[in-house]
Protein chains: 2
Amino acid sequence: MSNSADFNVGARLSAVRKMNHLSQRELAKRAGVTNGTISLIEQNRVSPSVSSLRKVLKGIPISISDFFSLEEAPRQQVFFGANELLEIGDGRISYRQVRRDLIGRTLQILHERYAPGSDTGRAMLRHQSEEGGIVIRGKLEVTIGDQRRVLGPGDAYYFDSRLPHRFRNIGEEECELVSACTPPSF
Amino acid sequence: MSNSADFNVGARLSAVRKMNHLSQRELAKRAGVTNGTISLIEQNRVSPSVSSLRKVLKGIPISISDFFSLEEAPRQQVFFGANELLEIGDGRISYRQVRRDLIGRTLQILHERYAPGSDTGRAMLRHQSEEGGIVIRGKLEVTIGDQRRVLGPGDAYYFDSRLPHRFRNIGEEECELVSACTPPSF
DNA sequence: TATTATTGTTTAATATATTAAACGTATTAA
DNA sequence: TTAATACGTTTAATATATTAAACAATAATA
């Protein structure tokens, strides 16, 4: 039986299967399980083993990671005026985040500005995530793990954010940068 | 038993548990399962049910979706000079992608340029993903679902990319934009 | 109607996961 | 050394998932 009902594996599977126009029997055949299994899973009367769930999802096909990260409903607000972004800055370093809310995203996009001499300090690893960015204007010294480099306009970085990292504006001019991170770091 | 060995649930769990400085017994206690269960799972000698895997992951804690999207190893190249980005453009619209490879990322960051009059046409829904961007320079008409708006410098958008969408530069000036998308759209 | 598919559901038999307790090993303290 | 503690592993008993086959309901066809 299942206490995964709150995650609603059954409803998700049913929805995904129907989106792909498959009957329980068709899916079962492709996946190499019985139709009874599909039925019981969709009713949340059993909690499938990971191995059988993977077999089932291969028959659709959808990755198990996508399966578990499916959103229930699409979003509504899609446009954000320049003055509608969420300002997070502290004076020296400012972050302007696309979308005003702090939850319900899988992707965080920031318009960052670094005053001359500003420094993020050293940040340690967060949850599993990746991030990257492109410098638009000015110069920025970026340290990632044991690597360091000064980036100028058009230069970019991309790394696994489990690595410790640090950003410093060592120039005389303000530095402007657009970055993205998934999942959001705050 | 398990044919999920190829996904290496065991190794992932073991790694995640150790990253959080938990012993099998400590994790078991937090999760409400026995230490034997943790041991068997980590050895890939059983394929846990989704419900018990969720219980275990709650003890860490990590979401099941993050768990399944964990990367195996950190990346190496983290800096990209302006001339090292992957040029994907076709003359009218150019994409400069952070990182030169087309696979092994969870996040796609693009520096986009739209010539006056250029148009992406209508793109239909892809895999589950979200995307957003910020206009740096120029003006861009963005259509998402049944909504349309002209965005200028500092303006932004963010949407569930299952919605059909379209970008057009209707101005006299080149438009410059940084966007991010997860997972990558190409 | 009846017939033939096709759908999702149910049930007893079987396979597998999970438990509870014991085991072996390594480390630390006395 | 001995005792005590903590670690991951193993095994028989138990709980649960999965199968195979029958069941019931709906729709299409003759």
Side-chain angles (χ1 to χ4, degrees), chain A residues 1-68 70 72, chain B residues 1-68 70 72:
Chain A
M1 214 233 305
S2 146
N3 82 337
S4 76
D6 56 327
F7 216 82
N8 230 335
V9 169
R12 283 169 186 245
L13 177 58
S14 177
V16 169
R17 174 176 63 79
K18 286 166 186 162
M19 279 200 261
N20 287 71
H21 310 293
L22 295 171
S23 69
Q24 290 184 343
R25 280 183 161 81
E26 254 176 83
L27 175 54
K29 196 173 62 179
R30 296 189 189 198
V33 299
T34 64
N35 63 303
T37 299
I38 307 284
S39 176
L40 293 169
I41 292 172
E42 291 192 355
Q43 297 170 83
N44 284 319
R45 287 178 44 185
V46 299
S47 176
S49 70
V50 170
S51 65
S52 72
L53 179 60
R54 287 192 60 239
K55 284 202 288 187
V56 169
L57 296 182
K58 273 185 185 172
I60 289 185
I62 180 179
S63 81
I64 195 166
S65 123
D66 285 351
F67 179 78
F68 280 109
L70 277 178
E72 303 299 346
Chain B
M1 213 234 303
S2 143
N3 81 338
S4 75
D6 56 325
F7 216 83
N8 229 334
V9 169
R12 283 170 187 243
L13 177 58
S14 176
V16 169
R17 174 176 63 78
K18 287 167 186 162
M19 277 201 261
N20 287 70
H21 310 293
L22 296 171
S23 71
Q24 290 184 344
R25 280 182 162 83
E26 254 176 82
L27 175 54
K29 195 173 62 179
R30 296 188 189 197
V33 300
T34 63
N35 62 302
T37 300
I38 307 286
S39 177
L40 293 170
I41 293 171
E42 292 192 356
Q43 297 170 80
N44 284 319
R45 289 179 43 186
V46 299
S47 178
S49 70
V50 170
S51 64
S52 71
L53 180 60
R54 287 193 62 240
K55 284 202 288 185
V56 170
L57 296 182
K58 273 185 185 172
I60 290 185
I62 182 179
S63 81
I64 196 164
S65 124
D66 285 350
F67 179 77
F68 280 109
L70 278 177
E72 301 299 348

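Note that the structure is a prediction, hence the values are computed from the model and not measured.
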Under 4.0 Å between a side-chain N or O of [X] and OP1 or OP2 of [N]?
X     : N     : answer
B/S23 : D/dA6 : no
A/S39 : C/dG8 : no
B/Q43 : D/dG8 : no

Just the rounded figure in Å: distance from [atom2] of [N] to [atom1] of [X].
X     : N      : atom1 : atom2 : answer
B/Q24 : D/dT10 : CD    : P     : 11 Å
B/R45 : C/dT18 : CZ    : P     : 13 Å
B/E42 : C/dT18 : CD    : P     : 14 Å
B/I41 : D/dT10 : CD1   : C1'   : 16 Å
B/N44 : C/dT16 : CG    : C1'   : 15 Å

Practice prompt. Would you give a per-nucleotide map of nucleotides 19-25 of chain D, 5' to 3', where B means the base has a protein non-hydrogen atom under 4.0 Å away, S means only the sugar-phosphate does, and - means neither?
Written response: BS-B---
Worksheet entry | salt bridge (Lys or Arg N to Asp or Glu O under 4.0 Å) assessment of B/R17 paired with B/E42 | CA-CA 10 Å; B/R17 174 176 63 78; B/E42 292 192 356; 2.7 Å; yes
Worksheet item: Toward the 5' end of DNA chain D, which comes first, B/I38 or B/S49, by nearest nucleotide?
Response: B/I38
Discussion item. If you compare all heavy atoms of B/S51 against all heavy atoms of A/S47, which two are closest, and at what distance to 0.1 Å?
Written reply: N-OG, 2.8 Å
Worksheet item: A/V56 and A/L27: which non-hydrogen atoms are nearest, and at how many Å?
Response: O-CD1, 3.5 Å
How many angstroms lie between atom [atom1] of [X] and atom [atom2] of [Y], to the nearest 0.5 angstrom?
X     : Y     : atom1 : atom2 : value
B/S14 : B/I41 : OG    : CD1   : 11.5 Å
B/T37 : B/L53 : OG1   : CG    : 12.0 Å
B/S49 : B/K55 : OG    : NZ    : 7.5 Å

I'd like a list of close polar pairs between nucleotides 13-15 of chain D and the protein, N/O only, cut-off under 3.5 Å.
none

Discussion item. Side chain of B/R17 only, heavy atoms from C-beta on: which candidate in D/dT18, C/dT7, D/dG8 is closest?
Written reply: D/dG8
Worksheet item: Does any N or O in the side chain of B/N35 come within less than 3.5 Å of the main-chain N or O of B/A28, such that one atom is a donor and the other an acceptor?
Response: no
Fill in: Results of side-chain contact (heavy atoms from CB on, under 4.5 Å) for A/S39 - residues two or more places apart only
A/Q24, A/Q43
Worksheet item: So do the side chains of B/V9 and B/F67 get within less than 4.5 Å of each other, counting heavy atoms only?
Response: yes
